There are 2 protein chains.
Amino acid sequence: MSLCQLRYFVAVAEEGHVGRAAQRVHVSQPPLTRQIRALEEELGIPLFERTPRGMRLLAPGRCLLTRARTILAEVDAAVADVARHRPPPGPPG
Amino acid sequence: MSLCQLRYFVAVAEEGHVGRAAQRVHVSQPPLTRQIRALEEELGIPLFERTPRGMRLLAPGRCLLTRARTILAEVDAAVADVARHRPPPGPPG
DNA sequence: GTCGTGCGATACCAAAAAGGTATTGGACGA
DNA sequence: TCGTCCAATACCTTTTTGGTATCGCACGAC
């Protein structure tokens, strides 16, 4: 599992639609489909129900969605925290 | 930044030694060195001091270490939590 | 001072992963 | 039955990652 996969997963979960999620994360639809399936395979359980209208979260998916949001937020916080140690870029020019 | 990089970083931070960290994460030394440097470049700040004896954590590195452990633990928890939805593999045989 | 030793860094190549375009298959409504 | 909209697949290219061999540097023994 990768952070990238988690970002893709959250996008699909929130959009309910692989195509729209792909636009949101700036990737084309097929790789996104593939990453979601890879994630499901790695976890050994389906995360979405495929319907003719799009993707619908299943119970394990809802469970992961909450956790994925937390993880991604912690990553952002870590980056921001470390960045505080970085010297300022100096005056412009 | 990837989860893999965070695992590598934690290993190096805890071992204080790229070679031992490499053994621990089952990777050879050069890729590990490269990933650590890539992480530092992405964050825009050094995480370690290079000494003739090994790698020594700097302040930003200590900051990241705490957060990285948290993130990796949450990932493990997420996997375990999702796995609880998985049907049991059935009786042996 | 010089030579061995132990460390991370680099060069270079091979393997694996990710992404893109084009296309397929299936469900639904007109 | 045909057009539309969806995810899934086929196929190729590009990027990333990992491995082996080697370098450069600092230190200690002598």
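Residue numbers begin at 1 in each chain, while the letters A, B, ... track the order of the sequences. All of these numbers come straight from a predicted model, not from anything done at the bench.
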request  = Enumerate the residues from residues 31-42 of chain B whose closest heavy atom to DNA chain C is under 4.0 Å, giving them by residue number; use none for an empty result.
outcome  =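 Heavy-atom cutoff 4.0 Å gives B/T33, B/R37.
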request  = Test B/E14 against every option in B/R7, B/R24, B/R20 by the salt bridge (charged side-chain N to carboxylate O under 4.0 Å, His left out) rule and name the one that passes.
outcome  =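 Exactly one option meets the salt bridge (charged side-chain N to carboxylate O under 4.0 Å, His left out) with B/E14, and it is B/R24.
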message = Regarding A/Y8, tell me which of base, sugar-phosphate or nothing describes its non-hydrogen contacts under 4.0 Å with the strands shown.
response =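 Touches sugar-phosphate only.
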request  = Could you tell me whether the side chain of B/R50 and the main chain of B/F48 form a donor-acceptor pair under 3.5 Å?
outcome  =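 At least one qualifying donor-acceptor pair exists.
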message = Tell me if a side-chain donor or acceptor on B/S28 pairs with a main-chain N or O of B/P30 at a distance below 3.5 Å.
response =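 Pair absent, no side-chain N/O of B/S28 close to backbone of B/P30.
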Measure [atom1]/[X] against [atom2]/[N] and give the value in whole Å, please.
X: A/R56; N: C/dA27; atom1: CZ; atom2: P; answer: 18 Å
X: B/L47; N: C/dG8; atom1: CG; atom2: P; answer: 15 Å
X: B/H17; N: C/dG6; atom1: NE2; atom2: P; answer: 10 Å
X: B/Q29; N: C/dG6; atom1: CD; atom2: P; answer: 15 Å
X: A/R50; N: C/dG25; atom1: CZ; atom2: P; answer: 19 Å

Grab the two heavy atoms, one from [X] and one from [Y], that are nearest each other, plus how far apart they are.
X: A/I36; Y: A/M55; answer: CG2-CE, 4.4 Å
X: B/F9; Y: B/G61; answer: CZ-O, 3.3 Å
X: A/M1; Y: B/V79; answer: CE-CG2, 3.3 Å

key: Contact nearer the 5' end of DNA chain D, comparing A/P52 with A/P30   =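 Its nearest nucleotide lies further toward 5', so the answer is A/P52.
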Gap separating the CG atom of B/L6 from the CG atom of B/L64, nearest 0.5 angstrom =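 Between B/L6 CG and B/L64 CG, I get 6.5 Å after rounding to 0.5 Å.
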message = I want to check something: taking the side chain as every heavy atom from C-beta on, are A/C63 and B/H85 in contact at a cut-off of under 4.5 Å?
response =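 The answer is yes; the side chains approach within 4.5 Å.
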ask   = What are the bounds, 5' to 3', of the part of DNA chain D that sits under 4.0 Å from heavy atoms of chain A?
value =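 Counting from the 5' end, contacts occupy D/dC6 to D/dT9.
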